[in-house]
Structures are given as structure tokens and as C-alpha cells.
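Residue numbering restarts at 1 for every chain, and letters A, B, ... go by the order of the sequence lines.
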Amino acid sequence: MPTFRAPRGTRDLLPAERVPMTRLERVAADLAARYGYHPMETPLFEDAAVFERGIGAVTDVVEKELFFVGARADEGERWALRPEPTAGIARAYVQHGMQTWPQPVKVTMTGSMFRYDRPQAGRYRQFWQFDVEAIGDPGPAVDAEIIELAARFYRDVGLPDVKILLNSIGDPACRPAYLEEMTAYYRRHEARLPPLERERLERNPLRILDSKDPAMVDVNAGAPSMTDGLCEACAGHFEAVRAHLDALGIGYTLEPHLVRGLDYYTRTAFEVYPAGAGGQQSAIGGGGRYDGLVELLGGRPTPGIGFGIGLDRVLLALQERADRNAAAEAILAPEPAPLAVVVGSDPADTATRLRLATELRGAGLAVRADLGQRKLGKQLEAAARDGAHFAVIVGDELASGQVQLRDLDAGTQRPTPVTNLARDLERAARTHHHG
RNA sequence: GUGGCCUUAGCUCAACCGGCAGAGCAUCGGAUUGUGGCUCCGAAGGUUACGGGUUCAAGCCCCGUAGGCCACCCCA
């Protein structure tokens with residue numbers, strides 16, 4: 001066992017993971033740019049109150065999953081690592097007076113989030129997310145546009161068959177009334193509720209509807225439905241979102257029990273799951289409307305809607321998938337091989353190998369240099385296994401100003417003057433690709 | 001935070017009833033002084049996660065800790 005290892009719930013992203021994840025980020029960033037979103041970035045940590053006030057003090061995320069930054073607590077500073085991106089972005093919106101920008105303000109952010117929960121496959125204490133936010137437009141069309149963007153992202157990276165769960169969870173105008181009605185219902189049946197559900201009744205009643213306890217099936221069947229409890233404005237908004245999605249041809253599943261874990265959500269809520277998995281902790285994306293958040297953080301009343309992509313889980317879904325399409329393969333493919341490797345086993349030539357490689361790179365070519373003193377056979381073997389198409393062999397003919405340019409695929413080689421090397425290699429590469 | 005399963009080389013895994021810790025892959029070297037992805041040979045790599053206990057003897061049995069995984073919880 002090594003003396004040190006990555007802290008629980010965190011992991012090192014080695015090239016085999018970081019490379020595909022970077023591609024996911026690139027696809028998402030290019031896509032969002034086409035929709036008019038601009039990248040931004042907030043600090044990794046914020047005043048803890050930003051999350052407590054924005055996300056809600058009685059949510060799991062704030063109550064038990066916040067990572068506090070330990071420094072200087074004695075000086076009254078309470079910082080916490082961001083558990084999600086939206087609260088920080090809303091704080092920035094207020095701080096920078098973005099209400100004076102053309103509305104809606106459309107931004108993206110990519111990076112790590114932190115939650116102190118119990119790790120599991122696809123559930124980490126540090127995880128990566130790509131996030132999209134449109135702040136300042138109350139209309140249902142934006143909701144549909146952002147869900148369509150989400151659907152397109154998953155399709156573009158090779159997950160064309162994701163399941164989009166959709167719901168409306170009302171707003172401050174109608175949720176209290178509905179909550180009162182449904183808690184009253186469950187109080188009447190409290191004797192039949194398991195302990196966990198009784199606790200939820202006090203703390204987070206909406207969760208009861210989503211219970212996995214078999215004992216709850218009967219009770220839940222008779223419960224008042226959230227959809228029926230929507231006020232006219234929320235119902236109309238929801239209907240319009242669905243109509244827009246239908247017009248765009250975006251498939252979704254109505255899920256009246258879908259409840260989001262953060263207090264700031266209003267009206268539209270959605271989550272995205274990979275095709276097969278029914279597993280509950282496998283959401284690969286989620287989002288919704290948060291019309292009260294900016295105001296909670298000290299701004300004017302401002303509507304907003306956002307969507308987060310769980311990059312770790314998207315990657316996992318792609319890796320686990322048996323029937324990968326071309327898009328998925330392109331995300332997971334290893335990095336392209338170098339065009340050529342400069343090899344040579346005479347220690348006296350090391351400087352020349354380094355110089356030649358540098359010149360070739362200066363000419364825009366992807367060239368690896370073997371700067372060791374292993375025997376030539378080993379170097380060629382490594383170059384071939386790397387997938388390089390050419391080897392530049394530096395050896396005796398250097399005395400007459402020449403190196404060997406070897407075609408590793410064809411197994412042929414010829415001498416070429418070092419002064420011509422870049423042009424020669426470029427030409428060889430061109431004819432090679434055509435052949 | 002609750003319950004359960006697991007942990008042997010860098011990776012994937014063996015090791016009979018408790019009796020000398022092994023293989024494949026990967027790494028490095030060798031097989032004609034400077035020419036290949038295959039093949040052959042070899043080397044290196046281990047406090048059997050960590051700490052205790054039982055026993056003549058523990059990778060194996062018992063306890064604790066850590067980490068991973070699964071189901072909850074919750075979310076991405």
C-alpha cells in the first residue's frame with residue numbers, strides 16, 4: 001500500500017479518463033456556444049451562506065454534504081466548496097449587476113463540484129459537471145430550448161436513447177397549498193407510515209411520493225397528485241413547455257413524483273437517465289427552473305433556468321455501453337499517435353535528436369523524441385507500438401548530414417538530408433495518407 | 001448517516017482442510033555493435049490494505065480501522 005492515496009471519494013483522472021472527459025467538455029462547450037451561451041467560472045468555494053440561503057438550509061446538500069474549508073474559522077470566515085454551480089453563478093449575477101446586461105444572461109461553467117456523501121460507483125465527493133444557465137427569461141420556451149440542448153448533447157456524445165424525466169413542482173404561489181393538502185392526507189394515514197416516511201412528513205414531504213418502500217404503494221396511490229395541485233399560472237407554464245417540446249420532437253416521460261433536492265427549484269424540473277439503467281443514483285444530468293434564487297441572494301426578483309451534466313457519469317455510461325456508436329467511440333478513442341518518432345541510440349547524438357524533433361514540431365508536425373539510450377530495436381518497437389507512421393533514425397550518416405526516414409507501416413526507408421527533413425516528412429505523410 | 005459484501009504484484013486474478021505466496025497482462029533487459037508491433041528467454045515487482053488476537057503454524061479463523069462496491073438516503 002502506498003503511503004498516500006487520493007482522499008476518500010476522490011480520484012485521479014489519468015489520461016485515459018481526462019482525455020475523453022475533455023472531449024465531452026468540448027462537445028458541450030461548442031454546442032452551448034451555438035445556442036448563445038458564454039463560458040464563465042466562479043470560485044471553487046464561496047461564503048457558506050450562499051449555499052445555505054440559495055440551496056436551502058434543510059436540504060441534504062447543505063445539512064450533511066457541505067465541505068467546509070477549514071482555514072480561519074476563528075476569524076469568522078465560513079467558506080464551503082461548491083456542491084453545485086447555480087448558487088455561485090446567481091451570486092455572481094447579483095454581484096456584477098448582470099440584470100443590466102441583455103436578458104437573458106446565458107452562461108456555461110465546467111469544473112469540479114464537492115459533496116461530502118458516501119462514495120459509490122459514479123458517486124464521488126469531487127465530481128465534474130458541465131453547467132448551462134439562462135437567467136432573466138421567465139418564458140416556457142427557454143425551458144424547452146434548454147431541454148432540447150440537453151437532449152442534443154447526449155445524442156452528440158453517443159447516448160441517443162437517454163430517458164428524460166419531466167415534472168413541474170409549482171412555485172411559491174401554489175406549492176404551500178399543495179403541501180398542506182398532501183401532508184394533511186398523510187397525517188390521516190400516519191399510522192401506516194414507516195419511520196422514514198414519518199420523518200419525511202416533517203422534513204421533506206414531497207419525497208414521500210417518491211418512496212421505494214413497498215408498504216407505501218397503497219398509501220401513495222390515494223395521495224393528491226402534485227400535477228393537480230398546480231396553480232393556473234404554473235399549470236399553464238408546464239403545458240406550454242410540453243407543447244414546445246412536442247413541437248421540437250423531443251421525447252420525455254412525465255414523472256409526477258420527480259422532486260429535486262434543492263429548495264430553489266420552481267416549476268420545471270427534469271432529470272436525465274441512461275437508456276437501460278433504472279437505478280436511482282444514475283442520473284447523468286438534471287436541471288430546472290429557479291425563479292426565486294437570485295432574489296434569495298439579494299438581487300431583484302429574477303427568473304432563471306439551468307441544467308447540469310454529470311460528466312463522470314456520462315463517461316461511465318459510455319464506457320459501460322456494449323453497443324457504442326461512432327460518436328461514442330470518438331469520445332472514448334485514445335489520443336492520436338504521433339506522426340513520427342525521432343530515434344537513435346548513440347548518446348553523442350542526443351542533442352541532434354532533440355534539435356531535429358524541435359524543428360519538426362516547429363513545422364507543425366506531431367513528433368515524439370526518444371531521448372534515451374536504449375538500443376535502436378527497442379526504440380523502433382516502442383515507436384511502432386505508439387502507432388507512429390514514421391521514424392527518423394539518427395545515426396552514422398549524420399557525418400554526411402543525413403538521417404534515415406523510415407516508413408514504419410511499409411517497412412521501407414531512405415536517407416534524407418537533415419536540411420530537407422521537415423519538407424520530406426510532410427510530403428511523405430501526405431502520400432502516406434492517400435495511399 | 002444506516003445495513004450488507006469485498007480488499008493477494010502497477011492491472012486482472014489463482015493459492016486444497018490453517019502448512020514454503022503464484023500466473024497472465026503491463027514494465028525493464030537479452031536473443032549478431034544500427035532496425036519493429038509477433039515469437040522465445042530472463043529480471044524486477046509483495047509487511048497478502050493497516051493494526052491487534054487465536055494457533056506449533058494465518059493470505060485463509062476472530063476483533064478493530066481504512067478503502068472500494070451494493071442497497072438505502074440523496075443526487076450529478
With rounding to whole Å, what would you report as the distance between U7(B) and G45(B) at their P atoms? 25 Å
With respect to the phosphate group of C73(B), does any side-chain polar atom (N or O) of Lys212(A) fall under 4.0 Å of OP1 or OP2? yes
Under-4.0 Å side-chain N/O to phosphate OP1/OP2 contact, Gln120(A) with A71(B): yes
Please measure how far the C1' atom in U54(B) lies from the corresponding atom in G64(B), and state the result in whole Å. 15 Å
Per the salt bridge (Lys or Arg N to Asp or Glu O under 4.0 Å) rule, what does the pair list look like for residues 42-62 of chain A, sequence neighbours excluded? Glu46(A)-Arg91(A), Glu52(A)-Arg78(A), Asp60(A)-Lys64(A)
P spacing across the pair C61(B) / C5(B), given as an integer number of angstrom: 13 Å
Please convert RNA chain B into dot-bracket. A pair counts if it is Watson-Crick or G-U wobble with both distances under 3.5 Å; crossing pairs go in [ ] and bases paired with another strand get |. (((((((..((((.....[..)))).(((((.......))))).....(((((..]....))))))))))))....
Between A76(B) atom P and Phe114(A) atom CZ, what is the distance in whole Å? 16 Å
Polar side-chain atom of Asp312(A) near backbone of Trp128(A) as donor-acceptor pair, under 3.5 Å: yes
Roughly how far apart, to the nearest Å, are U55(B) and C17(B) at atom C1'? 15 Å
Students often get this wrong, so: under 4.0 angstrom with heavy atoms, is Gly344(A) touching a base, only sugar-phosphate, or nothing? nothing
Indicate, with a heavy-atom threshold strictly under 4.0 Å, whether Glu84(A) touches base, sugar-phosphate, or nothing. nothing
For the side chain of Arg374(A), counting heavy atoms from C-beta on, which of G29(B), C69(B), C72(B) is nearest? G29(B)
For the residue pair Thr412(A) / Asp407(A), report whether a side-chain donor-acceptor contact shorter than 3.5 Å exists. no
Hey, is Arg260(A) close enough to Glu271(A) for a salt bridge, meaning N to O under 4.0 Å? yes
Residue closer to the 5' end of RNA chain B, Phe127(A) versus Gly387(A) (nearest nucleotide): Gly387(A)
Presence of salt bridge, Glu25(A) and Arg18(A), under 4.0 angstrom: yes
Roughly how far apart, to the nearest Å, are U32(B) and C41(B) at atom P? 16 Å
Under 4.0 Å, heavy atoms only, any strand: does Gly377(A) hit a base, just the sugar-phosphate, or nothing? sugar-phosphate
Can you measure Asp117(A) atom CG to C70(B) atom P for me and round it to whole angstrom units? 13 Å
Nucleotide G68(B), atom P - distance to OH of Tyr124(A) in whole Å: 10 Å
Among C69(B), U35(B), C74(B), the nucleotide that comes nearest once only the side chain of Asp60(A) is considered: C74(B)
Per Arg118(A) side chain, nearest of listed nucleotides C69(B), U35(B), C73(B): C69(B)
Starting at CZ of Arg125(A) and ending at C1' of A76(B), how long is that distance when rounded to a whole Å? 16 Å
Partner of Val367(A) under side chain to side chain contact (heavy atoms under 4.5 Å, CB included), picked from Val342(A), Thr358(A), Leu356(A), is Val342(A)
Roughly how many Å apart are C16(B) and G4(B), using the C1' atom of each and rounding to a whole number? 29 Å
Rounded to whole angstroms, how far apart are CD on Gln373(A) and P on G29(B)? 10 Å
Just to be sure I understand the rule, does Asp131(A) reach a base, reach only the sugar-phosphate, or reach nothing, if contact means heavy atoms closer than 4.0 Å? nothing
Hey, does Leu376(A) reach any base, or is it just sugar-phosphate, or nothing, if we go heavy atoms under 4.0 Å? base
Taking atom P in both A14(B) and U8(B), compute the distance separating them and give it to the nearest angstrom. 10 Å
To the nearest Å, give me how far apart CZ (Phe67(A)) and P (A76(B)) are. 17 Å
Which whole-number value in Å describes the distance from Asp349(A) CG to U33(B) P? 18 Å
Integer-rounded Å distance: G1(B) P and Glu199(A) CD: 15 Å
Are any of the side-chain nitrogens in Arg430(A) or Glu426(A) under 4.0 Å away from the carboxylate oxygens of its partner? no
On the side chain of Gln413(A), is there an atom forming a donor-acceptor pair with the base of U35(B) - under 3.5 Å, no angle test? yes
What nucleic acid atoms does Leu196(A) come within less than 4.0 Å of, heavy atoms only: base, sugar-phosphate, or nothing? sugar-phosphate
Candidates A66(B), A76(B), U35(B) - which lies nearest the side chain of Arg5(A): A66(B)
For the side chain of Asp409(A), counting heavy atoms from C-beta on, which of A71(B), C73(B), G37(B) is nearest? G37(B)
Between Tyr154(A) and Phe307(A), what is the ring plane arrangement, given parallel below 30°, perpendicular above 60°, and tilted in between? perpendicular
4.5 Å side-chain heavy-atom contact, Arg423(A) and Leu425(A): no
Proximity to the side chain of Ala283(A) - top-ranked nucleotide from A71(B), A76(B), A31(B): A76(B)
Please state whether the phosphate of U27(B), meaning OP1 or OP2, lies under 4.0 angstrom from any side-chain nitrogen or oxygen of Arg385(A). yes
Between the side chains of Thr10(A) and Gln126(A), does any donor sit under 3.5 Å from an acceptor? no
Distance, C1' atom - from C25(B) to U33(B), rounded to whole angstrom: 32 Å
For nucleotides 41-44 of chain B, give me every protein contact, N/O to N/O, under 3.5 Å, one pair per line with atom names.
none

Measure from the side chain of Arg200(A), starting at C-beta and using heavy atoms only, and say which of C74(B), A76(B), C70(B) lies closest. C74(B)
If you define the side chain from C-beta out and look only at heavy atoms, does anything of Arg374(A) sit under 4.5 Å from Ser345(A)? no
Tell me which nucleotide among U35(B), G67(B), C74(B) gets nearest to the side chain of Arg8(A). G67(B)
Can you tell whether the side chains of Glu197(A) and Arg200(A) come within less than 4.0 Å, N to carboxylate O? yes
Are any of the side-chain nitrogens in Asp137(A) or Arg289(A) under 4.0 Å away from the carboxylate oxygens of its partner? no
Of the nucleotides A76(B), A31(B), C69(B), which one has an atom closest to the side chain of Arg123(A)? A76(B)
Side-chain N,O (Lys375(A)) to OP1/OP2 (A31(B)) below 4.0 Å: yes
On RNA chain B, compare the nucleotides closest to Gly9(A) and Gly287(A); which residue's is nearer the 5' end? Gly9(A)
